[in-house]
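Okay, so here's the structure we're looking at.
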Amino acid sequence: INVGKSSLIKALFSLTPEVEVRVSKTPGHTKKMNFFRVGKAFTIVDMPGYGHRAPKDFVDMVEPYLYTRKNLVRTFLLVDGSVGLQKADLIALEMCEEIRCPYVIVVTKIDKCGSGVLLTNLLNLQDVVKTQTTSCFPQPFLISSLHFWGVYLLRCFIAHVTGSIRLKDTSQS
Ligand SMILES: Nc1nc2c(ncn2[C@@H]2O[C@H](COP(=O)(O)OP(=O)(O)OP(=O)(O)O)[C@@H](O)[C@H]2O)c(=O)[nH]1
Ligand SMILES: [Mg+2]
């Protein structure tokens, strides 16, 4: 909750400001799943957060979606870089493992904390990813939606995994 999910989607859509993504200081702001369709290429879904002050129907809403969605390409699990992995994140991680759809960890708000704290949290995260996961992308993405750090790289990654990058057809040459 409040890790910056909506802010990241807003940053990803910064080139199309007419796409309205609502962010808020108040934890538990996003109550429902919000779908942002990018042409025919893919859809990105903003989710409500889990943990303290999460919407009460979170489990009924999000879990069935993640478990049953057949064309789910990636799940992104966001962790606040200044806070590090919390108990609720470990539960979410376990859920992602169970779903067995490949997922990616994004470390958010990296502008907010000192480099020492960030490094400690990252080392712990790396350790967990290495020892407790099988379908997690090995490299977390480090993001500041406020300063657009890491946002371009994440756009490229999303374009790649959704098959939206057309390479020249070389079969005829
Ligand atoms: N410093 C800093 N603050 C950020 C960043 N991203 C988000 N925030 C702030 O964090 C707060 C929560 O942002 P949201 O994007 O609404 O968070 P969320 O994960 O969608 O929250 P819920 O919908 O409530 O679960 C807002 O006050 C944002 O301005 C960031 O990269 N850096
Ligand atoms: Mg939100």
Side-chain angles (χ1 to χ4, degrees), residues 1-38 42-67 69 72-96 99 101 103-126 128-129 136-137 139-158:
I1 220 157
N2 209 232
V3 293
K5 300 176 291 298
S6 303
S7 299
L8 176 55
I9 292 178
K10 201 183 170 86
L12 288 169
F13 282 108
S14 65
L15 301 173
T16 46
E18 63 275 16
V19 176
E20 204 187 316
V21 189
R22 299 197 41 206
V23 309
S24 168
K25 273 193 187 118
T26 316
H29 182 76
T30 308
K31 305 267 191 249
K32 296 269 176 270
M33 295 189 277
N34 292 308
F35 294 75
F36 300 93
R37 189 162 171 197
V38 181
F42 59 89
T43 298
I44 192 159
V45 187
D46 189 13
M47 297 270 184
Y50 52 78
H52 186 54
R53 303 190 67 172
K56 286 202 173 45
D57 49 355
F58 176 86
V59 173
D60 300 336
M61 193 165 37
V62 173
E63 282 197 15
Y65 177 82
L66 293 177
Y67 276 92
R69 193 79 201 140
L72 186 66
V73 176
R74 284 294 182 287
T75 304
F76 293 90
L77 185 61
L78 274 60
V79 177
D80 188 323
S82 59
V83 179
L85 275 179
Q86 303 288 291
K87 238 190 195 157
D89 297 320
L90 293 173
I91 296 171
L93 204 87
E94 256 173 50
M95 191 177 96
C96 290
I99 295 169
C101 170
Y103 64 100
V104 181
I105 295 182
V106 176
V107 178
T108 61
K109 304 191 192 183
I110 62 164
D111 60 280
K112 229 182 99 179
C113 62
S115 49
V117 172
L118 183 61
L119 191 60
T120 307
N121 291 340
L122 284 177
L123 288 172
N124 175 43
L125 178 65
Q126 286 283 38
V128 170
V129 169
C136 183
F137 192 68
Q139 172 91 50
F141 283 83
L142 307 188
I143 296 280
S144 166
S145 302
L146 196 67
H147 301 287
F148 292 97
W149 298 341
V151 170
Y152 299 96
L153 185 59
L154 191 58
R155 274 191 199 135
C156 292
F157 180 81
I158 293 170

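Counting convention: from 1, in listed order, for ligands and their atoms alike. What you see is a predicted model; the values in this text were computed from it and never measured.
Here is the list of ligand 1 atoms found below 4.0 Å of a heavy atom in Pro27: 24 (O). Near Asn2, meaning under 4.0 Å from any of its heavy atoms, are these atoms of ligand 1: 11 (C), 12 (C), 17 (O), 18 (P), 19 (O), 21 (O), 22 (P), 24 (O), 25 (O). Atoms of ligand 1 found under 4.0 Å from any heavy atom of Val23 (numbered from 1 in listed order, with element): 15 (O), 16 (O). Atoms of ligand 1 found under 4.0 Å from any heavy atom of Ile1 (numbered from 1 in listed order, with element): 25 (O).
At a heavy-atom cutoff of 4.0 Å, ligand 1 is contacted by no atom of Leu8, backbone or side chain. Counting heavy atoms closer than 4.0 Å to ligand 1, residue Thr30 contributes atoms from both its backbone and its side chain. Contacts with ligand 1 closer than 4.0 Å are made by heavy atoms of both the backbone and the side chain of Ser6. With a 4.0 Å heavy-atom cut-off, ligand 1 is reached by the backbone of Ser24 but not by any atom from C-beta on.
Among the atoms of Gly28, some N or O lies under 3.5 angstrom from an N or O of ligand 1. The N/O atoms of Arg22, backbone and side chain alike, include none that comes under 3.5 Å of an N/O atom in ligand 1. Residue Ser7 places at least one N or O, backbone or side chain, under 3.5 Å from an N or O of ligand 1. Considering both main-chain and side-chain atoms, Val3 comes within under 3.5 Å of ligand 1 through a nitrogen or oxygen pair. Annotation: Pro48 places no N or O atom under 3.5 Å from an N or O atom of ligand 1; distance criterion only. Considering backbone and side-chain N/O of Lys112, none are found under 3.5 Å from N/O of ligand 1.
Residues Phe157 and Phe137 bring their aromatic ring centres within 6.0 Å.
Distances from the Mg ion (ligand 2) show that Thr30 has an N/O/S atom below 2.8 Å. Distances from the Mg ion (ligand 2) show that Ser6 has an N/O/S atom below 2.8 Å.
Using the six-membered ring where Trp is involved, Tyr50 and Phe58 have ring planes that are perpendicular, over 60° apart on the 30 and 60° scheme.
Atom NE2 of His147 sits in a crowded spot, with more than 12 heavy atoms from other residues, nucleotides or ligands closer than 6.0 Å.
Defined by atom type and a distance below 3.5 Å, a donor-acceptor pair is missing between the side-chain atoms of Arg69 and Thr75.
Remark: atom 29 (O) of ligand 1 lies closer than 4.0 Å to no protein heavy atom.
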